[in-house]
Amino acid sequence: MVGGEAAAAVEELISGVRQATDFAEQFRSYSESEKQWRARMEFILRHLPDYRDPPDGGGRLDQLLSLSMVWANHLFLGCSYNKDLLDKVMEMANGIEVEDLPQFTTRSELMKKVNRISKYI
């Protein structure tokens with residue numbers, strides 16, 4: 001019977017993952033690519049147990065969704081935010097692997113190039 005219990009436990013686990021994934025799917029933005037959504041969904045699902053709304057409300061889920069967007073916007077679009085906020089979302093995302101991220105040039109990096117070029121003009 002151990003085999004039957006193990007199979008039931010695995011099926012229950014798979015069912016729980018499906019439910020969580022289906023729940024998270026409602027928060028996908030129409031403009032997110034598959035790669036962006038998979039990364040953000042992993043972020044959401046990883047922290048969902050800690051951000052479930054209490055019975056009296058409280059907006060914890062909204063906070064998690066906002067943090068996931070900050071992380072995704074920083075990663076995929078190069079948006080910058082307050083250092084404390086970025087530190088928080090980067091810590092929350094620790095261990096989430098995302099391949100082929102775009103490389104962004106910051107304003108200060110651009111200004112350094114402009115200053116080097118202007119020396120020769």
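We use all heavy atoms of the structure for the numbers below, so side chains are in, but hydrogens, waters and symmetry mates are not.
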Query raised in the report: Between D87 and K83, is the closest basic N to carboxylate O distance under 4.0 Å?
Result: yes
Query raised in the report: Donor-acceptor pair, H74 side chain versus S80 backbone, under 3.5 Å?
Result: no
Query - E42/R38 salt bridge by N-O under 4.0 Å criterion - result: no
Query raised in the report: Would you say the side chain of I44 lies within less than 4.5 Å of the side chain of W71, judging by non-hydrogen atoms?
Result: no
Query - Enclosure of K35 NZ (heavy-atom neighbours >12, cutoff 6.0 Å) - result: yes
**Report entry** R60 side chain vs D50 backbone, donor-acceptor pair below 3.5 Å
**Finding:** yes
Query raised in the report: Can you hop from L67 to F27 via hydrophobic side chains spaced under 4.5 Å?
Result: yes
Query raised in the report: Should the heavy atoms of other residues, nucleotides or ligands under 6.0 Å from CD of E34 be counted, would the total exceed 12?
Result: yes
Query raised in the report: Are L64 and F43 side-chain neighbours, meaning at least one heavy-atom pair lies under 4.5 Å?
Result: yes
Query - Test item: H47 side-chain N/O and M92 main-chain N/O as donor-acceptor pair under 3.5 Å - result: yes
Report task. Can you establish whether the number of heavy atoms outside E97 located under 6.0 Å from its atom CD is more than 12? Result -> no
Report summary line: Distance col, row C79:SG vs M69:CE, nearest 0.5 angstrom, shows 9.0 Å
Report task. Answer yes or no: is there a side-chain heavy-atom contact under 4.5 Å between Q36 and R28? Result -> no
